[in-house]
Amino acid sequence: MPKSPVLPARAIVDGPVPKHAQLRDILAELCLHTLKPGDLLPGERILEETYGVSRITVRRAIGDLVAEGRLRRVRGKGTFVAPNPLVSRLHLASFSDEMGAQDVKASSKILLSERAHAPADVTAFFGDDAGATHTHLRRLRLGDGEPYSIDDGWYNSKYVPNLLENDVYKSVYAILDSDFQVPITDADQTVTAVAADELNAELLDVPVGTPLLHIIRYSRSNDRAVEWCSSVYRTDRYHLTTRVDRVSDRR
C-alpha cells in the first residue's frame, strides 16, 4: 500500500475566505509540490480529521479541483491527481513528440486499421477520385496511460502504400519520414468544439456531452497531400497556445 503523503500543516479558520476555498488551496498545493500525476489523494475522512472540517466542506473542495482538471475521481478507487495538460504551441509536431517534450510517456491503442474507400473530403484533399481506397487508422492516444485524444487519420496510399505493415503504435510521422521519405513539412488546421458522444465519452473517460477540442489537420510533404486527420481532445488535458502579433494599419 502506498505511503500517505504528509499533508500541509495549515489551520482552517472561520473568516472571509470560505473553509472549502481554504481547503481547496491546501489540496492544490499538495498536488503541485508533493504528489505526482496518478497519485492517490488522502481519503475524505483523513482530510476531515486533519483540518477539522465537515464532509461537505471536503467534498466541495475536491469537487472544485475536479472541475478545474487538477483531480479526477475513479469510482470505487478514490480521487487521483490528474495528468498534466499537454500544451501545444501550434507548431507542427507529432503527438509523440509533443508528449516527449513535456516528459509524458506517449502510447496508443489501435481502434481501427484498414484499407477502405475514403470519404469525399479526404479524396478531395488527396486529389483523388471519389471513393478511392486509402489507409484508415484510428487510434486512442494516451499520455502516461491516461486518455488524451482520439486520432482518426487517412493516409494517401499513393505515397504510403503499406503503412499498416509498420509499427503504427508509435509515431506515424516518424514512419512517414524514415520509411516512405514523405516527412510532414506543413499543414493547415481547423479548430472547433464538439460535444462528446457515447463512443468518444467512453474512450476518453468523460461524461457524454463533455466539450471536446476538435482539430482537422490537412498535412503535406512539400506539395504532396499525405495525411487527413480528425482528432478530438480532452480539454482538461490538451491546451492550445499561440502568440499573436499586432499588424500595423498603414492606411
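Starting from 1, each residue takes its place in the sequence as its number.
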Ile110, CD1: over 12 other non-hydrogen atoms inside 6.0 angstrom: yes

Side-chain (Ser221) to main-chain (Arg224) donor-acceptor, under 3.5 angstrom: no

For Thr123 against Gly131, the heavy-atom pair lying closest together: CG2-N, 4.0 Å

Side chain proximity check, Glu227 to Val172, heavy atoms < 4.5 angstrom: no

Asp205/Arg72 under salt bridge (Lys or Arg N to Asp or Glu O under 4.0 Å): CA gap, chis, key distance, verdict: CA-CA 10 Å; Asp205 192 23; Arg72 61 187 295 264; 2.7 Å; yes

Ser231: partners by side-chain hydrogen bond (donor to acceptor under 3.5 Å, both in side chains), with sequence neighbours left out: Asp151

Side chain to side chain, Val53 and Leu47, heavy atoms closer than 4.5 Å: no

Non-hydrogen side-chain atoms of Pro147 and Leu203 separated by less than 4.5 Å: no

Sidechain-backbone polar pair: Arg139 side chain, Val168 backbone, donor-acceptor under 3.5 Å: yes

Asp152 side chain vs Arg138 backbone, donor-acceptor pair below 3.5 Å: no

Check: Asn222 main-chain N/O paired with Thr185 side-chain donor or acceptor under 3.5 Å: yes

Closest non-hydrogen atom pair between Leu40 and Gly78, with its separation: CD1-CA, 4.1 Å

With His134, the ring pair (Phe, Tyr, Trp, His ring centres under 6.0 Å) member among Phe126, Trp154, Tyr155: Phe126

Whether Gln22 side chain and Val17 backbone form a donor-acceptor pair below 3.5 Å: yes

Distance-minimising heavy-atom pair for Asn162 and Phe180: OD1-CE2, 3.0 Å

Heavy-atom side-chain contact between Pro119 and Trp228 under 4.5 Å: no

Side-chain touch Asp128/Ser157, heavy atoms, less than 4.5 angstrom: no

Salt bridge Glu44-Arg55, side-chain N to carboxylate O under 4.0 Å: yes

N/O donor-acceptor pair under 3.5 Å between Arg115 side chain and Pro161 backbone: yes

Considering all heavy atoms, the nearest Val81-Cys31 contact: CG2-SG, 4.0 Å

From CA spacing to verdict: side chain to side chain contact (heavy atoms under 4.5 Å, CB included), Phe125, Arg220: CA-CA 10 Å; Phe125 174 59; Arg220 291 172 293 270; 3.8 Å; yes

Counterpart residues, salt bridge (charged side-chain N to carboxylate O under 4.0 Å, His left out), relative to Asp129 (two or more places apart): none

Min side-chain heavy-atom separation Val160-Thr135 under 4.5 Å: no

Heavy-atom closest contact (Ser149 atom, Tyr233 atom, distance): CB-CD2, 3.3 Å

Under 3.5 Å donor-acceptor, Asn166 side chain and Leu163 backbone: yes

Non-hydrogen side-chain atoms of Ile150 and Leu199 separated by less than 4.5 Å: no

Nearest non-hydrogen partners of Pro207 and Ala196, listed with the distance: O-CB, 4.1 Å

Student check: side-chain heavy atoms of His136 and Leu112 closer than 4.5 Å: yes

Exceeds 12 heavy-atom contacts within 6.0 angstrom, atom CD of Glu198: no

Salt-bridge criterion met for Arg234 and Glu146 (N-O under 4.0 Å): no

CD (Glu202) with more than 12 external heavy atoms under 6.0 Å: no

Cationic N near anionic O, under 4.0 Å, Arg70 to Asp236: no

Side chain to side chain contact (heavy atoms under 4.5 Å, CB included) assessment of Val226 paired with Ser219: CA-CA 6 Å; Val226 174; Ser219 303; 5.7 Å; no

